[in-house]
Amino acid sequence: MMNGNVAHQLRLYTGLVLFFFALTHFINHAFGLISVEATMQVQEGRTFIWRNPVGGVILYGALVVHIGLALHKVYQRYTLKMPLWEAIRLALGLAIPVFLLSHIANTRFAHEVFGVDDTYIYEFVKLWPNVGVDQTILLLFVWVHSCIGLHYWLRMKMWYRRTQSLWFMLAILIPTLSLLGFYAGGRLMEQLEADAAWLAALKAETNWPDAVEATVIADVKKLGLAIFAGLVALAFCGRQLRGFIQSRAGMINITYADGRSVRSKPGPTLLEISRANGIPHASVCGGRGRCSTCRVRIAFGIRYMEDPAPAEQELLDKIGAPPTVRLACQCRPKSDVRIQRLLPHDAGVSSVPQVADAFDNGVDMNIAILFADIREFTKLSERKLPYDLVFLLNEYFRAMGECITREGGRIDKFIGDGIVALFGLDGDPQKACEDALAAARAMSEGLQKLNIALENDLPQPLRLGIGIHFGYAVVGKMGYEMVSSVTAIGDTVNTASRLESATKEFKAEFIVSDDVVRTAGVDLSAFQRQQLSVRGREKPLNVYVVEQAHMLPVRMPKDPNAPPTNWLARLTPNWT
Ligand code: FES
């Protein structure tokens, strides 16, 4: 069996080659909007790249390897349950060769075997209008398949996240121009083809395939389709057979920390087992062993598992995981295990350690900072045994941490009973403030649930104080050796802390600065507005005082006076 990491890398690089080929093809079509001559000139450049021996080997080698790896992946799949984006990509990937074979047979094959000069005009006359729809479908399938793959590869990279909207616009623009160019070229060919003399001259000039050659081309296409269909059937049948053989080895039990237990044949990864049984499991990278969001603590059964492969171990080392923690997408239990998923199932990209790498050298950026603290915790702690206190705090941190990460925040640190969280590390100020407000609301609700769950352990319900402010801060990875994390420093941090402590003065659960509310573009006029003096600031700060953060509406009303969302600003990173 091929090493999973090598297969991922190969699939990525061959996919990039094919994407680049498709991109040049689409751009070529788009030149049809200018003139056929322009299109022909661009095609000459493309031919130079892809028709030389090296280009040809790279292109067709990439195509064969990419398809082969995709089928191998199908064969390896334990379950066909997968996230929607993965299902769409797989379905499109399997459909592309069906449409592509016709194109290859009529162009490259005809050129190599019968000496056809498959110029752009030749291709157009061949394609238009009979197979124009097929080619449009092919173009769209290739583009969507490629874009999904690229997006899920790049979305953990900060530069991509900061400029995501720009790429999204290009992803729409390029195929649109390409299709318009294709359509314009097709209409022109329709007119030219009406001229019999012109058509005869073209056929002579391009060494148009005669009837026998056309039959061979059609047969080659059919043969290619039959081979591909056979390979697809082989992959799916092989997968069934493999599952059957594995199930004969007996079944194993996988027990989750929440008490759920499922049975599985040995062989699939823990992530596949979760998916097959409808148990939500975080997997930002889609099971490629790159994000670590699927990680689980193996509470029982680790000694019967194989050691992590080097790539898995490397990522586990990077996040400082103890030996009982494994990547669910990489480890395949062979006997009963009990596991605990360590991240909420909807953990996002901000939970990926690689995102933190972008802050190694420190950046100056606009972020929202949330401070939270348990009210009168000192009094409570004096009446508790150490064991009870640690249990209580861990339950509280777990509940609040889940609320924060679920809403797109990143925990900066836990200090005593306090929590500091950052929002907007991906450089979108408006979303940062929207998420921070949603997190405050979720934390308030989460605390209510926690109070009910711990009713018998608490002399009185826990109460929170939450403060949020938005502004410039220096964000960077700080600390020493293993004890380092992405944190923020600056006046914004101090102000957020001041807002949290002011909740005591106002006897309210939540205080948020006007800067957060304005940046989020929401209307909190239903809540009390106050002015708060903050040390180091000349003018008092406008804030909103919210008695209970869970009183914030789920869908906060938009401020009618707020400036419209500035999409251009959203495209422009606010890093300096
Ligand atoms: S899903 Fe990303 S590492 Fe497992």
Side-chain angles (χ1 to χ4, degrees), residues 1-12 15 69-70 73-74 76-90 148-158 160-161 254 256-257 262 264 267-298 301-302 305-333 337 339-358 402 405-406 408 410 426:
M1 189 182 290
M2 187 183 295
N3 177 308
N5 204 36
V6 174
H8 284 321
Q9 295 293 323
L10 258 179
R11 220 143 56 100
L12 172 65
L69 287 172
K73 177 102 177 145
V74 168
Q76 277 192 316
R77 275 187 181 279
Y78 163 66
T79 173
L80 291 178
K81 284 188 187 168
M82 60 190 95
L84 182 64
W85 66 267
E86 219 178 315
I88 293 174
R89 194 170 63 128
L90 177 63
I148 293 175
L150 281 173
H151 173 72
Y152 281 90
W153 170 49
L154 293 173
R155 71 180 184 150
M156 286 184 287
K157 311 222 181 265
M158 285 303 288
Y160 172 74
R161 289 175 59 72
I254 290 86
Y256 292 77
V262 298
S264 164
T269 66
L270 281 169
L271 180 64
E272 286 179 309
I273 293 171
S274 291
R275 282 179 177 175
N277 291 283
I279 296 175
H281 203 134
S283 60
V284 167
C285 73
R288 286 163 181 72
R290 294 207 305 258
C291 67
S292 84
T293 54
C294 64
R295 60 186 182 267
V296 290
R297 174 170 292 112
I298 312 285
I302 189 119
M305 296 176 90
E306 284 175 6
D307 289 341
E312 182 189 353
Q313 189 60 58
E314 195 182 319
L315 188 49
L316 291 170
D317 289 345
K318 186 168 188 164
I319 59 171
T324 50
V325 169
R326 296 290 301 269
L327 299 182
C329 67
Q330 301 299 310
C331 62
R332 300 171 188 273
V337 284
I339 64 168
Q340 179 191 6
R341 288 159 293 164
L342 293 178
L343 267 75
H345 66 86
D346 50 3
V349 176
S350 56
S351 311
V352 177
Q354 287 90 326
V355 172
D357 292 349
E402 279 182 9
T405 47
R406 193 170 57 234
R410 187 183 185 93
D426 53 3

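Atoms within a ligand are numbered from 1 in the order they appear, just like the ligands themselves. Hydrogens, waters and symmetry mates are skipped; everything else that's a heavy atom, side chains included, is used. Count residues from 1 along the sequence.
When non-hydrogen atoms are compared, ligand 1 lies under 4.0 Å from the backbone of Ser292 (N, CA, C, O) but not from its side chain. Under 4.0 angstrom from ligand 1, the non-hydrogen atoms of Arg290 all belong to its backbone.
Every atom of ligand 1 is numbered from 1 in the order shown, and the set under 4.0 Å from a heavy atom of Cys329 is 1 (S), 3 (S), 4 (Fe). Those atoms of ligand 1 that come under 4.0 Å of a heavy atom in Ser283, given as number and element, are 1 (S). Of all atoms in ligand 1, listed by their number and element, those nearer than 4.0 Å to a heavy atom of Cys294 are 1 (S), 3 (S), 4 (Fe). Residue Gly289 has at least one heavy-atom neighbour below 4.0 Å for each of these atoms of ligand 1: 3 (S).
Among the atoms of Cys291, an N, O or S atom falls under 2.8 Å of atom 2 (Fe) of ligand 1. Atom 2 (Fe) of ligand 1 has an N, O or S atom of Cys285 inside 2.8 Å of it.
The protein non-hydrogen atom at the shortest distance from atom 1 (S) of ligand 1 is Gly287 N, 3.3 Å.
Partner of Leu327 under the side-chain contact (heavy atoms from CB on, under 4.5 Å) criterion, out of Cys285, Pro308, Cys294, Ser283: Cys294 alone.
Between Met82 and Leu80, the closest heavy-atom pair is CE-O, 3.2 Å. Minimum heavy-atom separation, Ile279 to Tyr256: CD1-CE1, 3.3 Å. Residues Cys331 and Arg326 approach most closely at CB-NH2, 3.4 Å, considering heavy atoms.
Between the side chain of Arg341 and the main chain of Ala328, no donor-acceptor pair closer than 3.5 Å is present. A donor-acceptor pair under 3.5 Å is formed between the side chain of Thr293 and the backbone N or O of Val284.
Of the charged side-chain nitrogens involved, none lies within less than 4.0 Å of a carboxylate oxygen, so that Glu86 and Lys73 do not count as a salt-bridged pair.
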